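This structure is in structure tokens; I'll ask about it shortly.
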Amino acid sequence: MAASRLGNLPEAFTTFVGRRHDLAEVRRVLGSARLLTLTGAAGVGKTRLALEVAAASRKAFPDGTWLVDLAPVRDASAVAGAAATALGVPHLDVQQLARYLAGRRSLIVLDNCEHQVDACADLVTMLLSGGPEVRVLATSRQTLGIVGEHVYTVPVLSVSDEAVELLRDRVTAVRPEFRITDANWDTVSRLCAALDGLPLAIELTASRLRTLTVEQAADRMEDRFALLTGGSRTVRPQQRTLRAAIDWSYELCSPTERLLWNRLSVFAGGFGLDAAEDVCAGEGVAPHDVLDLLDRLVVQSIVLPTEEEGMPRYRLLETIREYGKEQLAGSGEEERLLRRHRDFCLALATRIADGWYGPGQEKALARLRVEHANLLAALDQDDDPQASLALAGALRYHWCVGGFLAEGQRRLERALAAAPEPTPARARALCAAAWAALLQGAYAAADRWLAEAGELGERQDDQVVRAHVVGLRGSLLSFQGRLPEAIQMFERAIVAHTAAEGEASALFDLFQLAAAQTHLGHSGAVKIARRAVALAEAHGERWARAHALWMVSQDAWTRGNPEEALAVIRAALEIERGFDDPLSTALMLESLAWITASLGEHERAARILGSVLKLWRDLGADDAAFGSPPSEDRTRCVESIVRALGREAYDRALSVGSGHDSPRTAIDQALDPGAQPVAQDAGPDPLTPRELEVALLVAQGMSNRQIATRLVLSLRTVDFHVANIRAKLGFRTRTQIAGWWVATQGPVE
């Protein structure tokens, strides 16, 4: 990915029509304002304008342009988590996120803030206070009301040109023969005026012009508006106009299409076909009809097709979803549909948790990631605390392997507090909470949860819970450095898991047993690790297999066979790549760095260590909290690299190695030397003379604005040069440019 494309902005499926003045003005204000809020009526196009501005501004924000969609967020406490997830660091809390952004020049589009204004204001205050180079572009129906906020009110489209052009563009997409002529100009203008220049209303109307004439559409709209003017006077005119457009679109749907529209509104953030069929079918909608009905709603621009994590998905525009929710609430079906939505989420999570030690783990985690907003929405339902508790506990791999540790800990604690009864669901959720606490270094909390879980497991005679408690007790002892005791506990856990759920369920305890024995220098450790590898292969399991291979590699390295150790750790990392887990990636890459250094590849080892250190920083934690291997190994590794390269070259390699944006790309860079941004691959002088001037000033630590002042250039020109430098060299960060300069041009003066 080129540096100027760093971020998560979605690619637009349609052209951006009109708003040239708005686009230029918002970009101008954003050049000096650290917080700019776009306000305006629902459906006026705040989000689309914000995304267009962000896309046009990519070069000015080398550390990424990021979209945080808050529409699905119903709990104020989840706002910061949504932002962290959008930025690819879901494990960070708000303070860690602010530290993560410190020193980064990023643009964050905070979209749909109106229902969480206070939480958004707190989040923005924290992020801007900690990151002087961060800019926030918010969209909201009301301002955030904090110091330093600039506000731009997004107007409706001008009827005489912009609205007409938008209508023409969208109608020709569905009716290529459509033309605006002298004969129909007046009617088209009348229709756009009736729509009040609101882009969403125009979009909905355009989808209907595949079957209606402009005259018919204009006549229907006038009738609908006339009916609406007798409604509530407390609603602003623009909102009444939008409601009329949606009312009209709703009225033109068949009864079964309306029924599905209503029911789809229970989904937050999107849904798959299987979810729609499971939740929405029945009582008027046959399961085999759901796909056809979805297709009809897609044609009418009610439902939008999309793709996430390689999976086909659907979503409703938030305004369309809110309209459907109102209809659902009035139908008497809402409670039943919400219950079915939660039941679907619980069944999905339970199926993945119960079948974890088998094939399809990466795909299962990816599915949970794309359902994250739905999972949180299901957990927010408060009518059945035991069901919420069961769901929170069943999501243990989503929380602890999928990278949502902080969110998982919060959700588990809340669910446990809301459902204190000593049920089987509580016992299993306690185990999940203990695991999440362990991985965050909260040993006292983990011990407390395990004590209660152990008591419930005994009282309920639940073999599975008892096995989990014993295994997690072993993990706690291991993390605390009490390895002999941990080994005894893991041996008990293997027996307990095998008896309760079969041999595959003991895989992770086998790995942990091998790890503890390896750290104590036991000669039999590698036999345990190889047993785990073979067992995982037999069951098509990959997660524990990667961890067991890591221990096989550790054994080979300690026995003085670095070539074998390298081959095995590469195999482990090839598997780990599919999980995108920052914690395990950091631990395995550290081992790779030691091995690489022992083979004499000191610069590459330093780069790998740079990746490791960035992963720990992104986690916002000390690696020692996660049972990291002994620190003296890292010390020896670093000392050997510094002796070979020198301190300056070592520091430069660390900077280059930190140029990744996810655990997956960190592994890519570590395993493929060609993926490394190695300066000599680009040639000695790949830059123009002016770009060399700019690169030198970047290496000296200057901001783009400071460079513009020094070279008497416009800020936009400097942004352009920096973007070109990063694109030519294949870099993502300014520190990588600095490292390249020292490596190819000499010390920075």
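Note that these values count all heavy atoms, side chains included, but never hydrogens, waters or copies made by symmetry. A quick note: this is a predicted structure, and the numbers were derived from the prediction, not measured.
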- Item | Beyond-backbone contact of Trp66 with Phe61, side-chain heavy atoms, under 4.5 angstrom |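 No. Closest side-chain heavy atoms not under 4.5 Å.
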- Message: Run Gln512 and Ser478 through side chain to side chain donor-acceptor pair (under 3.5 Å) and show every step you take.
- Response: CA-CA 8 Å; Gln512 292 185 94; Ser478 179; 6.0 Å; no
- Query: Under the salt bridge (Lys or Arg N to Asp or Glu O under 4.0 Å) test, which residues partner Glu576, sequence neighbours left out?
  - Reply: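 Partners of Glu576 by the salt bridge (Lys or Arg N to Asp or Glu O under 4.0 Å) criterion come out as none, since no residue qualifies.
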- Looking only at atom types and distance, does a side-chain atom of Glu149 sit under 3.5 Å from a main-chain N or O of Leu144, one as donor and one as acceptor?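 Between the backbone of Leu144 and the side chain of Glu149 there is a qualifying donor-acceptor contact (under 3.5 Å).
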- Message: Using a 3.5 Å distance criterion without hydrogens, assess whether the side chain of Arg607 forms a donor-acceptor pair with backbone atoms of Glu603.
- Response: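 No.
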- Which pair of heavy atoms, one from Met551 and one from Ala529, lies closest together, and at what distance?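 Shortest heavy-atom separation between Met551 and Ala529 comes out as CB-CB, 3.9 Å.
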- Shortest non-hydrogen contact between Ala55 and Leu9, atoms and distance: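 In this case the closest contact between Ala55 and Leu9 is N-CD1, 3.6 Å.
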- ring-ring contact (aromatic ring centres under 6.0 Å, His included) against Tyr397, all qualifying residues, sequence neighbours excluded: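 For Tyr397 the ring-ring contact (aromatic ring centres under 6.0 Å, His included) partners, ignoring immediate neighbours, are Trp356, Trp435.
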- Write down the atom of Leu6, the atom of Pro62, and the distance for their closest heavy-atom approach.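 Residues Leu6 and Pro62, closest heavy atoms: CD2-O, 3.8 Å.
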- Query: Ignoring hydrogens and geometry, is there a side-chain-to-backbone donor-acceptor pair from Asp555 to Val526 under 3.5 Å?
  - Reply: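 No; judged by distance alone, with no hydrogens or angles, the pair does not exist.
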- Message: Applying side-chain contact (heavy atoms from CB on, under 4.5 Å), can you list everything that pairs with Gln706, at least two apart in sequence or on another chain?
- Response: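 Gln706 satisfies side-chain contact (heavy atoms from CB on, under 4.5 Å) with Met702, Ser703 once adjacent residues are dropped.
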- Message: Quick check against the 3.5 Å criterion: does Ser57 have a side-chain atom that pairs as donor or acceptor with the backbone of Ala60?
- Response: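 Looks like no, no N/O pair under 3.5 Å.
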- Given the rule in the side-chain contact (heavy atoms from CB on, under 4.5 Å) test, do Ile641 and Leu609 qualify, once you have shown the distances and angles that lead to the verdict? CA-CA 10 Å; Ile641 295 172; Leu609 279 182; 4.0 Å; yes
- Task: State which residues pass salt bridge (Lys or Arg N to Asp or Glu O under 4.0 Å) with Arg396; sequence neighbours excluded, sorted by chain then number.
- Result: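 If we apply the salt bridge (Lys or Arg N to Asp or Glu O under 4.0 Å) test to Arg396, skipping adjacent residues, there are no hits.
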- Message: Tell me if the aromatic rings of Phe404 and His398 count as close, with their centers under 6.0 Å from one another.
- Response: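 Yes, the ring of Phe404 comes within the 6.0 Å limit of the ring of His398, centre to centre.
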- Query: Does the side chain of Phe490 reach to within under 4.5 Å of the side chain of Ser475, using non-hydrogen atoms?
  - Reply: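 A side-chain contact exists here, since the closest heavy-atom pair is under 4.5 Å.
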- Item | Geometric cation-pi criterion, Arg652 with Tyr650: 6.0 Å, 45° |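 Relative to the ring axis of Tyr650, which defines the angle, Arg652 lies outside at least one limit.
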- Task: Decide yes or no on side-chain contact (heavy atoms from CB on, under 4.5 Å) for Leu587 and Trp616, but give the supporting numbers first.
- Result: CA-CA 9 Å; Leu587 293 170; Trp616 288 123; 3.8 Å; yes
- Whether Arg135 side chain and Ile108 backbone form a donor-acceptor pair below 3.5 Å: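 No.
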- Query: Quick one: side-chain hydrogen bond (donor to acceptor under 3.5 Å, both in side chains) partners of Glu133, sequence neighbours excluded?
  - Reply: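 Per chain and number, Glu133 pairs via side-chain hydrogen bond (donor to acceptor under 3.5 Å, both in side chains) with Arg105.
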- Message: Could you work out, with side-chain hydrogen bond (donor to acceptor under 3.5 Å, both in side chains) as the rule, every residue matching Arg530, not counting sequence neighbours?
- Response: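 Per chain and number, Arg530 pairs via side-chain hydrogen bond (donor to acceptor under 3.5 Å, both in side chains) with Glu564.
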- Message: Please evaluate residues Thr65 and Ser106 with respect to the criterion side-chain contact (heavy atoms from CB on, under 4.5 Å), reporting the C-alpha separation (whole Å), side-chain torsions for both, the decisive distance (0.1 Å), and the verdict.
- Response: CA-CA 6 Å; Thr65 45; Ser106 300; over 6 Å; no
- Query: Atom CG of Leu477 and atom CG of Leu472: how far apart are they, to the nearest 0.5 Å?
  - Reply: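 Reported value, rounded in 0.5 Å steps: 11.0 Å.
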- Item | Nearest non-hydrogen partners of Val694 and Ile707, listed with the distance |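 Result for this residue pair: O-CD1, 4.1 Å.
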- Partner set under side-chain contact (heavy atoms from CB on, under 4.5 Å) for Ser129, not counting sequence neighbours: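 side-chain contact (heavy atoms from CB on, under 4.5 Å) check on Ser129 returns Thr125.
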- Item | CG on Leu36 to CG on Leu137, rounded to 0.5 Å |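 Answer for the CG-CG pair, Leu137 versus Leu36, is 5.5 Å.
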- Which residues satisfy the salt bridge (Lys or Arg N to Asp or Glu O under 4.0 Å) test with Glu309, sequence neighbours excluded?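 Applying salt bridge (Lys or Arg N to Asp or Glu O under 4.0 Å) to Glu309 gives Arg369.
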- Message: Could you measure the distance from the CG atom of Leu365 to the CG atom of Asp581? Nearest 0.5 Å is fine.
- Response: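 Atom-to-atom, Leu365:CG and Asp581:CG are 8.5 Å apart.
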- Item | Closest non-hydrogen atom pair, Leu123 against Ala83 |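 So the minimum-distance heavy-atom pair works out to CD2-CB, 3.9 Å.
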- Item | Step-by-step salt bridge (Lys or Arg N to Asp or Glu O under 4.0 Å) determination, Arg482 to Glu485 | CA-CA 6 Å; Arg482 299 159 63 183; Glu485 297 169 80; 2.9 Å; yes
- Item | Spacing of CG belonging to Leu483 relative to CD belonging to Gln517, to within rounding of 0.5 Å |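 Between Leu483 CG and Gln517 CD, I get 10.5 Å after rounding to 0.5 Å.
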- Would you say the side chains of Ser591 and Trp557 form a donor-acceptor pair under 3.5 Å?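 Short answer, no.
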- Message: Using side-chain heavy atoms (C-beta onward) and a distance below 4.5 Å, is Leu101 in contact with Leu87?
- Response: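 Sidechains of Leu87 and Leu101: in contact.
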- Query: Below 4.5 Å, heavy atoms only, C-beta onward: do Leu35 and His150 meet side chain to side chain?
  - Reply: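 A side-chain contact under 4.5 Å is absent here.
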- Query: Are Glu407 and Trp399 side-chain neighbours, meaning at least one heavy-atom pair lies under 4.5 Å?
  - Reply: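 Yes, close enough: below the 4.5 Å cut-off.
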- Set of residues satisfying salt bridge (Lys or Arg N to Asp or Glu O under 4.0 Å) with respect to Glu541, sequence neighbours excluded: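 Per chain and number, Glu541 pairs via salt bridge (Lys or Arg N to Asp or Glu O under 4.0 Å) with no residue.
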- Item | Interatomic distance, Leu583 atom CG to His91 atom NE2 [nearest 0.5 angstrom] |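 Between atom CG of Leu583 and atom NE2 of His91 there are 9.5 Å.
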- Item | Which atom of Ala666 lies closest to which atom of Ser611, heavy atoms considered |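 Taking every non-hydrogen atom into account, CB-CB, 4.4 Å.
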- Message: So, using side-chain contact (heavy atoms from CB on, under 4.5 Å) as the criterion, who are the partners of Arg577 when residues are at least two apart?
- Response: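 Residues passing side-chain contact (heavy atoms from CB on, under 4.5 Å) with Arg577: Glu574, Arg664, Ile667, Asp668, Leu671.
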- Message: What's the separation between atom CG in Leu127 and atom CZ in Arg34, rounded to the nearest 0.5 Å?
- Response: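 These two atoms lie 9.5 Å from each other.
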- Task: Might you work through the side-chain contact (heavy atoms from CB on, under 4.5 Å) test for Val134 and Leu128, ending with a clear yes or no?
- Result: CA-CA 6 Å; Val134 173; Leu128 296 185; 4.2 Å; yes
- Message: Can you confirm whether the side chains of Ser655 and Ser658 place a donor and an acceptor under 3.5 Å from each other?
- Response: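 No - no donor-acceptor pair under 3.5 Å links their side chains.
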- Pairs flagged by salt bridge (charged side-chain N to carboxylate O under 4.0 Å, His left out) wherever residues 591-601 is involved - sequence neighbours left out: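 Counting only pairs at least two positions apart or across chains, the salt bridge (charged side-chain N to carboxylate O under 4.0 Å, His left out) contacts touching residues 591-601 are Glu601-Arg604.
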- Message: Could you work out, with side-chain contact (heavy atoms from CB on, under 4.5 Å) as the rule, every residue matching Ser553, not counting sequence neighbours?
- Response: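 If we apply the side-chain contact (heavy atoms from CB on, under 4.5 Å) test to Ser553, skipping adjacent residues, the hits are Ala565, Val568, Ile569, Ile595.
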- Contact check, side chains of Asp111 and Leu70, non-hydrogen atoms, under 4.5 Å: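 The answer is no; the side chains never approach within 4.5 Å.
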- Query: So, Phe508 versus Trp543, ring centres under 6.0 angstrom or not?
  - Reply: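 That pair passes the under 6.0 Å test.
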- Close side-chain approach of Glu648 and Asp651, heavy atoms under 4.5 Å: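 Result no, sub-4.5 Å side-chain heavy-atom pair not found.
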- Query: Side chains of Ile725 and Val698: closer than 4.5 Å at any heavy-atom pair?
  - Reply: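 The answer is no; the side chains never approach within 4.5 Å.
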